[in-house]
2 protein chains.
Amino acid sequence: MHFMSALRAAWQQRDSLLCVGLDPDPARFPAHLQGRPDAVFEFCKAIVDATADLVCCFKPQIAYFAAQRAEDQLEALIAHIHVRHPGTPVVLDAKRGDIGSTAGQYAVEAFERYRADAITVNPYMGRDSVEPYLAYADKGVILLCRTSNPGGSDLQFLEVGRPGGGVEKLYERVARLVAEDWNASGNCALVVGATFPDEIARVRALTGEMPLLVPGIGAQGGDIAATVAAGRSADGTGLMINSSRAILYAGADEDFAAAARRAALDTRDAINAYR
Amino acid sequence: MHFMSALRAAWQQRDSLLCVGLDPDPARFPAHLQGRPDAVFEFCKAIVDATADLVCCFKPQIAYFAAQRAEDQLEALIAHIHVRHPGTPVVLDAKRGDIGSTAGQYAVEAFERYRADAITVNPYMGRDSVEPYLAYADKGVILLCRTSNPGGSDLQFLEVGRPGGGVEKLYERVARLVAEDWNASGNCALVVGATFPDEIARVRALTGEMPLLVPGIGAQGGDIAATVAAGRSADGTGLMINSSRAILYAGADEDFAAAARRAALDTRDAINAYR
């Protein structure tokens with residue numbers, strides 16, 4: 001599967017810009033799953049099966065699996081998505097960043113071990129730290145640009161000198177570097193938080209049709225209307241709008257997956273109302 | 001174990017600023033370990049047992065374990081270091097970086113699951129992305145500042161406006177933020193590559209006695225004399241100078257651990273010659 005092709009097909013065929021984030025927190029699982037050794041897999045599998053026709057991609061957050069010693073369950077979950085919901089891209093949210101030789105090991109972890117279709121990567125260490133991921137031309141490489149958290153401004157909002165004169169924000173420099181240089185294989189995307197719609201619009205202006213992964217609606221307070229208006233591409237797609245907790249924990253008992261489906265449907269439709 | 005106290009004790013008692021990096025690459029293991037299911041653990045354990053009295057800390061690089069599906073062997077290795085070589089700090093080189101709720105999961109992974117004494121963290125997402133690690137006041141939080149790779153300059157060497165006027169490089173801003181703000185519990189350190197001794201000196205000037213983790217000697221070409229001259233603190237310590245491949249793969253057959261010990265001894269002594 002080629003990530004960019006699969007994402008575009010999912011946008012069209014499922015009429016959805018919704019990305020469901022898989023952040024399994026056992027403390028919030030329904031009672032009937034508590035204490036089961038495969039609870040992480042079973043919880044996520046139920047969410048996936050209930051929502052796959054409503055999403056353009058799934059985004060498992062590896063930290064939640066690693067904290068639970070549940071790497072094997074993450075492998076099984078991604079394999080399940082590929083088998084049961086073919087054509088649904090899986091973004092491994094790992095935010096890796098390291099020098100080339102080590103980044104090569106992280107690329108093996110993401111793309112060969114977990115069989116993810118895309119990975120999130122931190123740009124702080126520069127181009128050669130990203131090249132080992134870019135070398136997998138059929139995989140997506142999603143660089144952090146303007147993150148949704150308050151501290152994102154500590155570095156990303158600093159003004160840096162622009163070659164040729166003037167200044168730009170650090171996140172704008174990252175957007176330009178990726179769009180103008182790192183994206184030679186056409187497999188790059190960017191993370192821009194829903195909490196900053198002005199910056200989503202700026203990144204859209206700098207990057208043409210590049211896909212944007214947008215976390216921060218729901219629990220973090222980002223606004224759907226403003227996000228879509230600022231970030232959609234010319235054909236009304238271009239966005240992976242992530243929701244995690246508001247969907248995963250929409251219900252608290254045995255029918256949690258049905259509640260998650262209703263929340264996913266509502267979110268997809270709310271997004272589509274503004275496209 | 002309190003990371004900063006243990007590190008200072010190790011500097012003094014072992015008369016060493018050497019950090020041995022544990023980057024296990026099965027393709028480079030000696031023949032007698034090839035194909036063994038516990039080869040990653042056995043290789044690293046032999047290196048650790050042969051060099052523990054010569055180091056101020058060990059630094060396992062988690063990507064090498066994750067690419068091999070060897071998380072259990074990493075857990076066993078760190079447990080082995082704590083039991084057999086008490087007082088030897090373990091730095092988990094993970095370069096994590098995410099919003100607070102997710103960073104909390106990474107902190108659980110590093111400090112509770114793996115029982116590491118310190119972790120490397122990427123500063124791009126700002127202070128609130130680092131706070132979950134800082135909350136473990138007895139653990140070390142080692143922020144990327146000026147990394148050893150060529151692409152490190154892409155962002156870290158950009159000039160940003162200084163509050164109050166003038167400009168500074170982005171890595172200098174990171175060093176100041178950490179020294180002046182994030183280090184309230186005294187548990188922070190910084191990563192500065194040996195390939196940039198001028199910047200090591202600048203970071204030392206900005207951060208007082210803060211410990212610096214310095215990768216990049218050996219295979220990456222950093223110079224020991226320049227690193228020590230630029231980075232040592234007033235008492236001749238202050239540095240964790242990392243060497244990985246030059247020590248791990250000093251020998252290629254059954255006596256690889258003895259060869260690693262000789263390489264570690266030579267490196268420690270070469271460092272000490274310039275203190």
Side-chain angles (χ1 to χ4, degrees), chain A residues 23 25 61-69 71-72 75 93-109 112-113 120 122-131 144 147-156 158-161 167 170 173-174 177 193 215-216 219-220 245, chain B residues 23 25 61-69 71-72 75 93-109 112-113 120 122-131 144 147-156 158-161 167 170 173-174 177 193 215-216 219-220 245:
Chain A
D23 302 6
D25 179 355
Q61 167 50 258
I62 197 170
Y64 284 82
F65 296 84
Q68 297 297 324
R69 204 181 261 115
E71 283 84 5
D72 55 339
E75 286 185 39
D93 196 356
K95 301 187 177 67
R96 300 305 194 224
D98 214 306
I99 63 168
S101 51
T102 304
Q105 300 292 320
Y106 280 129
V108 168
E109 179 194 23
E112 300 187 26
R113 176 186 181 180
T120 55
N122 191 307
Y124 187 71
M125 295 179 68
R127 177 167 181 153
D128 62 336
S129 76
V130 181
E131 278 169 355
L144 301 185
T147 61
S148 57
N149 59 313
S153 299
D154 289 347
L155 301 187
Q156 299 156 27
L158 294 174
E159 287 194 333
V160 303
V167 294
L170 182 62
R173 174 64 64 96
V174 170
L177 280 172
Q220 293 183 60
R245 287 167 278 184
Chain B
D23 301 7
D25 179 356
Q61 167 50 259
I62 196 169
Y64 284 82
F65 295 84
Q68 297 297 323
R69 203 181 262 114
E71 282 85 4
D72 55 339
E75 286 186 38
D93 196 356
K95 300 187 178 66
R96 299 304 194 227
D98 215 305
I99 62 169
S101 52
T102 304
Q105 300 292 319
Y106 281 130
V108 169
E109 178 194 24
E112 300 186 26
R113 175 186 182 180
T120 55
N122 191 307
Y124 187 71
M125 295 180 68
R127 176 166 180 153
D128 63 336
S129 75
V130 181
E131 278 169 356
L144 301 185
T147 60
S148 57
N149 59 313
S153 299
D154 289 348
L155 301 187
Q156 299 156 25
L158 294 174
E159 287 193 334
V160 303
V167 294
L170 182 62
R173 172 65 64 97
V174 170
L177 279 172
Q220 292 183 62
R245 287 167 277 185

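A note on names: the letters A, B, ... follow the listed sequences, proteins ahead of strands, and every chain is numbered from 1. From a predicted model like this one, the values you see are computed outputs, not experimental measurements.
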Decide yes or no for A/Asn149 and B/Met125: does some side-chain heavy atom of the first lie under 4.5 Å from some side-chain heavy atom of the second?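 Yes, close enough: below the 4.5 Å cut-off.
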
Any non-hydrogen side-chain atom of B/Leu177 less than 4.5 Å from a side-chain atom of A/Leu155?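 Side-chain contact under 4.5 Å: yes.
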
Could you look at A/Ser148 and say if it's the side chain, the backbone, both or neither that has a heavy atom under 4.5 Å from chain B?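 Answer is side chain: those atoms of A/Ser148 sit under 4.5 Å from chain B.
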
Which region of A/Glu112, side chain (C-beta onward) or backbone (N, CA, C, O), has a non-hydrogen atom less than 4.5 Å from a non-hydrogen atom of chain B, or is it both or neither?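 Contact with chain B is absent: no heavy atom of A/Glu112 under 4.5 Å.
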
Mind ranking [options] by heavy-atom pairs under 4.5 Å with chain A and telling me who comes out on top?
options                               : result
B/Leu170, B/Val174, B/Ile99, B/Asn122 : B/Asn122
B/Ile62, B/Leu144, B/Asp25, B/Asp23   : B/Leu144
B/Arg113, B/Glu109, B/Arg127          : B/Arg113
B/Asp154, B/Asp128, B/Val160          : B/Asp128

Portion of B/Glu159 that has a non-hydrogen atom of chain A nearer than 4.5 angstrom: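 Backbone only.
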
Checking heavy atoms, do the side chain of B/Arg173, its backbone, both or neither come under 4.5 Å from chain A? side chain

Measuring from atom CD of A/Gln105 to atom CZ of B/Phe65, what distance do you get when rounded to the nearest 0.5 angstrom? 10.5 Å

Once you round to the nearest 0.5 Å, how far does OG1 of A/Thr120 lie from CZ of A/Arg96?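 Here the interatomic distance stands at 8.5 Å.
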
